[in-house]
Amino acid sequence: MPELPEVETIARGLQRQVAGDVIESVWIGAKPEPLKSSAREIARTLDGARIAQVRRVGKHMVFDLERKNGNAQWIVHLGMTGRMLVIDPGAEIAKHTHLIATLRSGRELRFVDPRRFGRLEVRRADEFQAPGQEPLDVGFEIFARLFRGRKTPIKSALLNQKLLAGIGNIYADESLFRAGIRPRRRAASLTRAELQRLYPAIQQVLNEAIASGGSSVSDYVNAEGTEGLFQIQHRAYGREGEPCLTCGSPIKRTVIAGRSSHWCPNCQK
DNA sequence: ACTATTTCCTGGATGC
DNA sequence: TGCATCCAGGAAATAG
């Protein structure tokens, strides 16, 4: 499931491969995502546009587009199973391909998403903003203030994109494990000392995951179709019943806010 | 203003 | 082997 490190990896790959390229034609399938902009509007905006830059904002990918009729942005959210691939036109069209952009270089940009939780949207240039703070950029004081007065479990707060943009279920569990904090703790109950552990834990786990090309748990691959490697370094997520790598206690799994949460009953307080 | 719950969607895993 | 059921989860919608 693409979270910040996976989206960052894909965006870097796309920046390397398609920045400077020009979209010459656009096909949108009959049953695409629930689009946030109309199919016609997306096709019209992409058609003829030069891809100036591809970058990540939260869990979103932003294509900055240069157009004769005014610059624009193509914003892609991959949801659970979305893939944005650069492929040769001859390649077979995978099931659940919802959009194909033909590039001047002769390649194709294909958006594939079986579960259709992804979202596509176009906007005028510079309109799109992250819904919350970037975890890798935010300063500690602003970070600490995000949780003040919040009764919701810290796990839910970390998943709330309006607070921090980019953290999903895997990296929330991994960050809380590293910080030694139980996922069900009320966000406001975290002491300053705990916040001072959580803040670098989030940044470390995200940076290590980016360095490993992300976590491939189910569907995630980068723009070249290659899987990430960080899943083998998970210490909590997906390890229910397995021994804690620190103390040996079996990792527990509980459901918080409808999401499975993995934690060590001994190391996390 | 918050918080919790439900809904969307398909493929893979599981159970009988 | 086949069929039904469950589960995964990001975020918007809905309910409290």
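Numbers restart at 1 for each chain; the letters A, B, ... are given by sequence-line order, proteins then strands.
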Under-3.5 Å N/O pairs linking protein and nucleotides 6-8 of chain C:
| from | atom 1 | to | atom 2 | distance (Å) |
| --- | --- | --- | --- | --- |
| dA8(C) | OP1 | R253(A) | NH1 | 3.0 |
| dA8(C) | N3 | R115(A) | NH1 | 2.7 |

Tabulated below should be each protein N or O lying under 3.5 Å from an N or O of nucleotides 12-16 of chain C; please produce it.
none

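Here the side chain of T45(A) pairs a donor or acceptor atom with the backbone of E41(A) at under 3.5 angstrom. The backbone N or O of F177(A) lies less than 3.5 Å from no partner atom in the side chain of D173(A), so there is not a single donor-acceptor pair. Not one N or O on the side chain of E174(A) forms a donor-acceptor pair closer than 3.5 Å with the backbone of I170(A). Between the side chain of D47(A) and the main chain of A43(A), no donor-acceptor pair closer than 3.5 Å is present. Side-chain atoms of E227(A) never come within 3.5 Å of backbone atoms of N222(A) as a donor-acceptor pair (strictly under, hydrogens ignored). Put simply, the side chain of K155(A) gets close to the backbone of S260(A): a donor and an acceptor are under 3.5 Å apart. Although no hydrogens or angles enter the test, the distance criterion places no donor-acceptor pair under 3.5 Å between the side chain of T81(A) and the main chain of D113(A).
In the set dT10(B), dA4(B), dC2(B), the nucleotide with an atom closest to the side chain of R150(A) is dC2(B). In the set dG11(B), dC9(B), dA11(C), dC9(B) carries the atom at the smallest distance from any side-chain atom of R116(A).
Between the CZ atom of F147(A) and the P atom of dC2(B) there is a distance of 14 Å, given to the nearest Å. What separates CZ of R259(A) from P of dC8(B) is a distance of 14 Å, to the nearest Å. Rounded to an integer number of Å, the gap from CG of L158(A) to C1' of dG10(C) is 15 Å. Remark: P of dA4(B) and NZ of K155(A) are 14 Å apart, rounded to the nearest angstrom. Atom pair L159(A):CG and dC2(B):P shows a separation of 18 Å (rounding to whole Å applied). The interatomic distance linking L146(A) (CG) with dT3(B) (P) rounds to 13 Å, in whole Å. Atom P of nucleotide dT6(B) and atom CD1 of I256(A) are separated by 17 Å, given to the nearest angstrom. Distance CG (D113(A)) to P (dC9(B)): 12 Å, rounded to an integer number of Å.
The side chain of K59(A) places an N or O atom within less than 4.0 Å of a non-bridging phosphate oxygen (OP1 or OP2) of dA11(C). For the OP1/OP2 pair of dC9(B) and a distance below 4.0 Å, the side-chain nitrogens and oxygens of H96(A) include no atom meeting the criterion. Contact annotation: T152(A) side-chain N/O to dC2(B) OP1/OP2 distance is not under 4.0 Å. Remark: H77(A) is not in phosphate contact with dG10(C), judged by side-chain N or O atoms under 4.0 Å from OP1 or OP2.
Looking at R123(A) and E121(A), a side-chain N of the basic residue comes within less than 4.0 Å of a carboxylate O on the acidic one, giving a salt bridge.
We find that the ring of F117(A) and the base of dA11(C) do not stack by the test of centres under 5.5 angstrom and planes tilted less than 30°.
Contact of the V62(A) side chain with the R56(A) side chain is not registered, since no non-hydrogen atoms from C-beta on lie closer than 4.5 Å.
Scanning for side chain to side chain contact (heavy atoms under 4.5 Å, CB included) contacts around L245(A) gives R235(A), R239(A), with sequence neighbours left out.
Looking at which nucleotide of DNA chain B each of K95(A) and A257(A) is closest to, the 5′-most match is held by A257(A).
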